[in-house]
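Numbered from 1 within each chain, the chains take letters A, B, ... in sequence-line order. When reading the values below, keep in mind they use all heavy atoms of this one structure, side chains included, and skip hydrogens, waters and symmetry mates. None of these values were measured; they are calculated from a predicted model.
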Amino acid sequence: MAQVFNHQEVEAKWRDIWNEHPVNVNDGKKPKYYCLDMFPYPSGSGLHVGHWRGYVISDVWSRYKMMNGSHYVIHPMGWDAFGLPAENYAIKMGIHPSVSTKENVDNIREQIKQIGAVYDWDMEVNTTDPAFYKWTQWIFVKMFKKGLAYQKEMPINWCPSCKTGLANEEVVNGKCERCGAEVTKKNLNQWMLKITAYADRLLEDLDKLDWPEKVKKMQTEWIGRSYGAEVNFPIDGMDETITVYTTRPDTLYGATFMVLAPEHPLALKLATDETRAAVEAYIAESANKSNVDRVQNKEKTGVFTGSYAINPLSGEKTPVWLSDYVLSDYGTGAIMCVPAHDDRDFAFAKKFGLPIVQVIAKDGKEIPDMQEAYTEAEGIVINSGEWNGLESSSLKMEAPSMIEKKGFGKKTTNYKLRDWVFSRQRYWGEPIPIVHCEKCGPVPVPEDQLPLLLPDVESYQPTGTGESPLAAMTDWVNTTCPCCGAPAKRETNTMPQWAGSSWYFLRYVDNHNDKELVNREIADKYLPVDMYIGGVEHAVLHLLYSRFYTKFLYDIGVVDFDEPFKKLFNQGMINGKNGIKMSKSKGNVVSPDDLVRDYGCDSLRMYELFVGPPEQDAEWDDRGIDGVYRFISRFWTMVLDNAEKDVAVTPELLKLRNQMVHDITTRLDGFSLNTVISGFMEYNNKMVELTRAGGVDKETLKTAVKLLAPFAPHVSEELWQRLGGTDSVFHEKWPEADKEAMKDDEKEVAVQINGKVKDRLMLPVDIDRDEAVARAKELLGDRLQGTVVKEIYVPGRIVNIVVKG
RNA sequence: GCAGGAAUGGCGGAAUGGCAGACGCGACAGACUCAAAAUCUGUUAUCCGUGAGGGUGUGUGGGUUCAAGUCCCAUUUCCUGCACCA
């Protein structure tokens, strides 16, 4: 009599054995496979079932890779532990963020261990560890020395609730990505990283990545490269020129007015005595508008400067206006307006009664009374002097060089991507390793003096003034210049949370090295990441920053590759009832702890996958876990019942075994993990049936256990052992399907008349077409009426007789 | 506004153009039990019919095809991303 399945016993036993004898060992000969999770932020609320899902997916994949191809799998875990939540919690509770962070890390590490994953805890990293952030600072110093880190005083995105500056990427719909507060502008002297210097490479190298198209597209749009021309418009009666950027130089003759951003340096200068008051008022009004007002209120506003610019091609005088629909930090902050062929210019022209001149014919014609802009670059050029008659789409391509030749402009490329605002006015982050000296300017802390430790402060309370809490630490701030020795002050801003996460994946493989970020030989051997698994919410933030860092480290010779993550998989989110995101405040967080206790880790692992396609969001429902628990129990009983019987293999069993291997492997390779689980259930149902009929042979049982191992590792190890295995099941080779043995001799074929199923028929798979049709007709008999016009036979599937009358 | 994606039983979901609803949850019935739980067996898209059987069905309307959840056109709703980038 087989033993009753007891998940607690089995799982406890194998946890101990694996601790003693890890299954994923590096013998130095096996090929490596680096399977990485996006490392978690150790928050105080711990893990919920949604976090589990990603970790289960990556563990299943890691274990599969161990068996299939016998890889040594690099599967590490670490902590992205600097940042605001820890700091805010510390302020609230009056404890140091390093204390609460350590507690949270210890707590979540235990929770992660419940997953039963093959994480190599010797590789663990923590971004707040000085031995780690030494290298985060070192990268900054290297960037500074290459001119990629620079200071700039400019109006930046400011979150009034987090009391810190934000990068463009951290502003979502005009709101703070983290807390949702409306972002305002603040003039601050900031450290910037010149990510724009890498714009072309970041864009073009997307081609070599095996990433979801969606993410590549988001990055492409975020970088936002466009081709066009800069054109110079002299100001009538003034020794000034307005340079505009346009992607549509083919419409240059249609430019009937100009618009400058209110922040444009010439804005006030162009005002005349009559317009000065209105211009000043408009500039002041725009300065006070929040991002959200500017973006969401699309009703055009503007003011005429009183000056005119001269169209360099037509010689026409065009009025110059100010309007906040022109962005000061894109292109030149000034545009030529072609209302006939641009929606926004059209709206502006209509509102302020400015002329509209059509320069591209639509369907070969001029539109008599334009009601909306014609924005396609398709058509013959009209009203454009010597350009008349040209095809506008080809003129669009040629115009930039024509303009360049004529000497009033040049060909240009523009990007939506902006440099990265890198300083934060908060405490819990890496100090920026710079010393400000009156004589030498900003001087990096010498590399051999890194890490520059984050000092303890009395208050981490954000000041809100644009100064970091570190500024109050005069002992720490006052230092000497590493260059000339004169008294100097330390930079008091810290780095954003993204700094450590931009390169942590390089450190796992050599995490104790205090001489180098990563040893080059080790890096060459184990990097880059082969598979990266995490949520899609980092599509542009973390994933763009990491690519930038990696390219920089490649350029300075630290690593030999310029893309960090070869393949990316975004798992869907798990939500609470009615698709509501799980959160502590909503009270709908489902903790894995109780489920692990009641059903076992293996059941929860399988259920996490069974809830739906891994890339799709899913609504959590506890009840479904019963289904996988029942499956595991039944599988357990089935295997042990048969194990005692010593059943001889039959062609039928051989077929089942090979079909199972083929089905499971195909689905697993296609990352269709939910149907892998249903596949196991189906094959188990068949084997349970066969157990009653005569039994299942040992080799088939062993094969099933091997296939199940990545999904339910504890149960599989136990069953493997009971089937006579002496070593871990994970040291077995992944089974291969014998294509011949899995073939059916006969298949059930549907017999249709005019596409409607009338009956079914067992037919040999190699039957002749005519014979199959004849057998079908014979079966149909009287039911077949009228004239047969067509006979279709799809082997193994269908016979369709098409009749008429 | 623009760009992507999605829409299938009571629920989660499955279907290389070839028998829609695999697998699971739930529900119902039965077995076991003093009883319940657990377990096991069976039924479970829907309408008509006692039955055999027949009709209808993958958001909506059209089309291609012997055959459409799947391809094409139009349309609605929902989700995601971007949002004055000239």
Side-chain angles (χ1 to χ4, degrees), chain A residues 4 172-174 212-215 217-222 224-226 228 244-249 251 255 259 261 294-300 323-327 329-338 341-345 347-348 375 414-418 536-537 539-540 579 606-607 610-613 615-631 633-634 637 666-667 672 674-685 688 748-760 788-804:
Chain A
V4 176
V172 179
N173 290 327
E213 284 309 313
K214 183 184 166 176
V215 175
K217 203 168 172 196
M218 279 167 73
Q219 293 212 355
T220 302
E221 282 173 8
W222 192 259
R225 182 163 72 185
S226 68
V244 303
Y245 172 69
T246 179
T247 54
R248 293 296 302 278
T251 63
V259 175
R294 237 173 122 147
V295 167
Q296 280 181 351
N297 185 5
K298 299 236 168 131
E299 180 68 24
K300 298 278 181 289
S323 174
D324 65 7
Y325 85 88
V326 174
L327 306 175
D329 58 352
Y330 178 77
T332 61
I335 60 169
M336 65 173 211
C337 295
V338 186
H341 304 288
D342 182 278
D343 293 326
R344 297 149 303 182
D345 298 347
F348 195 85
T375 55
N414 248 308
Y415 303 87
K416 291 188 194 175
L417 183 72
R418 311 287 149 88
V536 75
E537 65 274 16
V540 283
M606 292 190 82
Y607 185 52
F610 192 55
V611 290
E615 69 281 2
Q616 261 172 46
D617 290 356
E619 235 174 73
W620 187 262
D621 183 352
D622 270 353
R623 285 181 303 185
I625 196 171
D626 285 313
V628 288
Y629 183 80
R630 282 172 202 151
F631 156 73
S633 316
R634 281 195 277 244
T637 311
T666 313
R667 292 173 191 191
S672 178
N674 54 324
T675 61
V676 171
I677 308 298
S678 63
F680 278 127
M681 291 172 172
E682 264 175 279
Y683 281 103
N684 188 48
N685 290 345
V688 167
E748 193 184 60
V749 166
V751 178
Q752 303 180 325
I753 298 175
N754 289 345
K756 300 241 177 219
V757 180
K758 296 294 169 189
D759 215 330
R760 279 159 240 278
V788 174
V789 290
K790 205 164 187 178
E791 292 155 345
I792 287 121
Y793 171 56
V794 182
R797 294 198 182 269
I798 229 160
V799 177
N800 186 15
I801 312 291
V802 185
V803 296
K804 229 169 132 183

*Just how far is it from atom OG of Ser323(A) to atom CD1 of Ile335(A), taken to the nearest 0.5 Å?*
8.0 Å
_Need the glycosidic conformation of G57(B): syn if within 90° of 0, anti if not. Which one?_
anti
*asked:* Side chain of Lys217(A) only, heavy atoms from C-beta on: which candidate in C66(B), G4(B), G26(B) is closest?
replied: G4(B)
*Using only heavy-atom distances, decide whether a donor-acceptor pair under 3.5 angstrom links the side-chain of Arg797(A) to the base of U16(B).*
yes
*asked:* I'd like the P distance from A37(B) over to A27(B), given in whole Å.
replied: 11 Å
*Whichever of Arg667(A) and Gly755(A) has its nearest RNA chain B nucleotide further upstream toward 5'*: Arg667(A)
*Flag this pair as yes if the NZ/CZ of Lys300(A) is under 6.0 angstrom from the six-membered ring centre of Phe348(A) and inside a 45 degree cone about the axis; otherwise no.*
no
*Backbone N or O of Ala539(A) within a donor-acceptor pair of the Gln219(A) side chain at under 3.5 Å?*
yes
*Measure from the side chain of Arg630(A), starting at C-beta and using heavy atoms only, and say which of C84(B), A86(B), U39(B) lies closest.*
U39(B)
*Indicate, with a heavy-atom threshold strictly under 4.0 Å, whether Glu791(A) touches base, sugar-phosphate, or nothing.*
nothing
*Return the value, rounded to whole Å, for the distance between atom CE of Met218(A) and atom P of G81(B).*
7 Å
*asked:* Taking U16(B) as the reference, what is the distance to U64(B) when you measure between their P atoms (whole Å, please)?
replied: 25 Å
_Say we look at U56(B) and G69(B): how far apart would their P atoms be, to the nearest angstrom?_
13 Å
*Take atom C1' in A22(B) and the same atom in U75(B), then report the distance between them in whole Å.*
32 Å
*Residue mapping more 5' on RNA chain B - nearest nucleotide basis, Ile625(A) or Val749(A)*: Val749(A)
_Closest to side chain of Val794(A), choosing from C66(B), G18(B), C84(B)_ = G18(B)
*What's the CE-P distance between Met336(A) and A86(B), to the nearest Å?*
12 Å
*asked:* Just the rounded figure in Å: distance from C1' of A68(B) to CG of Asn800(A).
replied: 14 Å
*Given pairs defined as Watson-Crick or G-U wobble with both distances under 3.5 Å, what dot-bracket annotation applies to RNA chain B, with ( ) intrastrand, [ ] crossing, | other strand and . unpaired?*
(((((((..(((.....[....)))((((((.......))))))((((....))))..(((((..]....))))))))))))....
_Distance check needed: A83(B) P versus Leu327(A) CG, whole Å only._
11 Å
*Atom CG of Asp345(A) to atom P of C84(B): distance rounded to whole Å?*
14 Å
*Separation between the C1' atoms of A68(B) and G17(B), rounded to whole Å*: 7 Å
_If the cut-off is 4.0 Å, is Asn685(A) near the phosphate of A22(B), judged by side-chain N/O to OP1 or OP2?_
no
*Ignoring the backbone of Asp342(A), work out which of C82(B), G26(B), A86(B) is nearest its side chain.*
A86(B)
_Could you tell me if the side chain of Asn414(A) sits less than 4.5 Å from the side chain of Arg225(A), heavy atoms only?_
no
_Protein-nucleotide distance (Ile792(A), atom CD1; C66(B), atom C1'), rounded to Å_ = 4 Å
*Counting side-chain heavy atoms from CB outward, which of C66(B), A86(B), A22(B) is closest to Thr247(A)?*
A86(B)
*Across the strands shown, which category fits Ser226(A) at heavy-atom distances under 4.0 angstrom: base, sugar-phosphate, nothing?*
sugar-phosphate
*Side chain proximity check, Ile792(A) to Val802(A), heavy atoms < 4.5 angstrom*: yes
*Could you walk me through whether Tyr245(A) and Ser226(A) pass side chain to side chain donor-acceptor pair (under 3.5 Å), step by step?*
CA-CA 10 Å; Tyr245(A) 172 69; Ser226(A) 68; 2.7 Å; yes
_Inter-nucleotide C1' distance (C82(B), C73(B)), Å rounded_ = 27 Å
*Just checking, any donor-acceptor pair under 3.5 angstrom between side chains of Thr675(A) and Ser672(A)?*
yes
_side-chain N/O Tyr330(A) vs A86(B) OP1/OP2, d < 4.0 Å_ = yes
*Roughly, in whole Å, what's the span from NZ in Lys416(A) to C1' in A83(B)?*
8 Å
_Distance check, P atoms only: G59(B) and U70(B), in whole angstrom units._
8 Å
*Does any N or O in the side chain of Arg248(A) come within less than 3.5 Å of the main-chain N or O of Gly228(A), such that one atom is a donor and the other an acceptor?*
no
*Nearest-angstrom distance, P atom, G10(B) to U44(B)*: 15 Å
*May I ask you to verify if any side-chain N or O of Lys756(A) is less than 4.0 angstrom from the OP1 or OP2 atom of U56(B)?*
yes
*Is there a donor-acceptor pair under 3.5 Å between the side chain of Asp759(A) and the backbone N or O of Val751(A)?*
no
*Quick one: salt bridge (Lys or Arg N to Asp or Glu O under 4.0 Å) partners of Asp342(A), sequence neighbours excluded?*
Arg344(A)
*Look at the side chain of Arg634(A) and decide which nucleotide, out of C23(B), C84(B), C40(B), has an atom nearest to it.*
C40(B)
*Return the value, rounded to whole Å, for the distance between atom NZ of Lys214(A) and atom C1' of G81(B).*
7 Å
_I need the minimum non-hydrogen distance between Val611(A) and Trp620(A), along with the two atoms involved._
CG1-CZ3, 4.4 Å
I'd like a list of close polar pairs between nucleotides 10-15 of chain B and the protein, N/O only, cut-off under 3.5 Å.
from: G12(B); atom 1: O2'; to: Val611(A); atom 2: O; distance (Å): 2.7
from: A14(B); atom 1: OP1; to: Asn674(A); atom 2: ND2; distance (Å): 3.0

*asked:* By nearest atom, which of the nucleotides C84(B), C66(B), C23(B) is closest to the Asp324(A) side chain?
replied: C84(B)
*Without hydrogens or angle criteria, can the side chains of Asp345(A) and Tyr325(A) be said to hold a donor-acceptor pair below 3.5 Å?*
yes
